[in-house]
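Contents: one structure, followed by commentary.
Source: prediction; values computed, not measured.
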Amino acid sequence: MKFFDDLRNLDRNNIGGWPQSVKGFFIAIVIVVILLLGWYFYISNQQDSLASGQQQETKLKQEFEDKQAKVVNLDALKAQLAQMNEMLSQMLRELPSKTEMPALLVNISQTAQAAGIDPELFQPKPEIPEEFYAIQPIALKMQGTYHQFGTFISGVASLPRVVILTMHDVSLSAAKPGGGKDAPPPGGELMLEGTVQTYRYLGDEETKVQQGKAPAKKGGK
């Protein structure tokens, strides 16, 4: 073909004398190269931005659906929260009140004596108020048998008010005659020594005071 013959016979030193068909061919190649470079440097970047935008769109749609689901269930969640608060209030009010606490401590001590336990030490310590309840630590030193301690726990559980006793730094070891430790006497008596905690609920005014102190504590940290 004439076009290919022209390509073979091109004079590189006389570009202006090339046939029009050959010039048009090379101009087309230059245009294609320019377009390819433009696509690479511009359009490919736009495609990356498009892909990133699509990912962001998917993420925003998911966030919207999650928030929409929460809004739809908002009334049910509020009702559930109110129910849980009411249950918490009822459970707290099953604990002894401030006015009942002194008599309750006496009842616990008397329950130990009724079980045959020798309460060498039964000393309530200052209360530790929390947001909704108060902790009453009690320093104990009691001597008795396994059976007597079991009777004591059973007796505390049967008191009119809900009594929760949690043990902290409490040791239980064999007791020697005369109040010593480490050698079990006849009858297998044990020495229980340490600190237990019982709890009472705070009245409405006390609760308001404690809730008012909460932000001050956070700010002080």
Side-chain angles (χ1 to χ4, degrees), residues 1-98 127-137 162 164-168 197-221:
M1 293 179 64
K2 185 175 183 304
F3 175 75
F4 294 105
D5 292 337
D6 291 340
L7 285 177
R8 284 193 294 268
N9 298 322
L10 286 178
D11 184 0
R12 296 181 181 179
N13 297 320
N14 186 19
I15 297 177
W18 288 0
Q20 290 297 324
S21 59
V22 175
K23 289 180 181 179
F25 173 74
F26 280 102
I27 290 173
I29 291 177
V30 170
I31 292 173
V32 170
V33 170
I34 292 174
L35 290 175
L36 289 174
L37 290 175
W39 177 87
Y40 181 79
F41 289 109
Y42 178 75
I43 298 179
S44 63
N45 289 336
Q46 294 298 315
Q47 288 181 334
D48 291 340
S49 299
L50 177 62
S52 177
Q54 290 173 337
Q55 292 178 354
Q56 183 69 14
E57 180 186 14
T58 302
K59 180 181 178 182
L60 291 175
K61 283 183 178 179
Q62 185 62 48
E63 290 180 358
F64 174 77
E65 291 174 359
D66 293 342
K67 290 180 179 179
Q68 186 180 38
K70 290 179 180 178
V71 170
V72 170
N73 297 323
L74 183 60
D75 291 338
L77 291 173
K78 286 182 176 179
Q80 185 178 6
L81 178 61
Q83 183 180 8
M84 292 175 64
N85 287 333
E86 179 62 24
M87 291 175 60
L88 174 62
S89 178
Q90 292 178 357
M91 292 173 64
L92 288 173
R93 291 188 181 279
E94 290 181 2
L95 296 174
S97 65
K98 183 176 182 179
E127 282 188 341
I128 305 171
E130 297 292 341
E131 189 171 357
F132 299 106
Y133 60 93
I135 302 172
Q136 175 65 73
V162 173
I164 301 174
L165 288 177
T166 58
M167 298 189 178
H168 302 266
Q197 292 181 351
T198 189
Y199 307 84
R200 72 170 180 86
Y201 77 86
L202 298 180
D204 293 336
E205 291 301 322
E206 291 177 304
T207 301
K208 290 179 182 179
V209 170
Q210 287 305 119
Q211 290 177 343
K213 290 180 179 179
K217 289 181 180 178
K218 292 179 181 178
K221 289 183 180 179

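The side-chain contact (heavy atoms from CB on, under 4.5 Å) test applied to Q55 returns no partner, not counting sequence neighbours. For K61, the side-chain contact (heavy atoms from CB on, under 4.5 Å) partners at least two apart in sequence or on another chain are E57. Applying the side-chain contact (heavy atoms from CB on, under 4.5 Å) test to L35 and every residue at least two apart in sequence or in another chain returns I31. For the side-chain hydrogen bond (donor to acceptor under 3.5 Å, both in side chains) test, no residue two or more places apart in sequence or in another chain qualifies with Q80. In this structure V33 satisfies the side-chain contact (heavy atoms from CB on, under 4.5 Å) test together with I29, L37, sequence neighbours excluded. Scanning for side-chain hydrogen bond (donor to acceptor under 3.5 Å, both in side chains) contacts around D66 gives Q62, with sequence neighbours left out.
Separation of atoms OG1 (T198) and CD (E127) is listed at 10.0 Å; rounding is to 0.5 Å. The CD1 atom of I128 sits 9.0 Å away from atom CD of Q136, with the distance rounded to the nearest 0.5 Å.
Within 6.0 Å of the CD atom in E63, the count of heavy atoms belonging to other residues, nucleotides or ligands exceeds 12.
The shortest non-hydrogen separation linking I135 to E130 is CD1-OE2, 4.0 Å.
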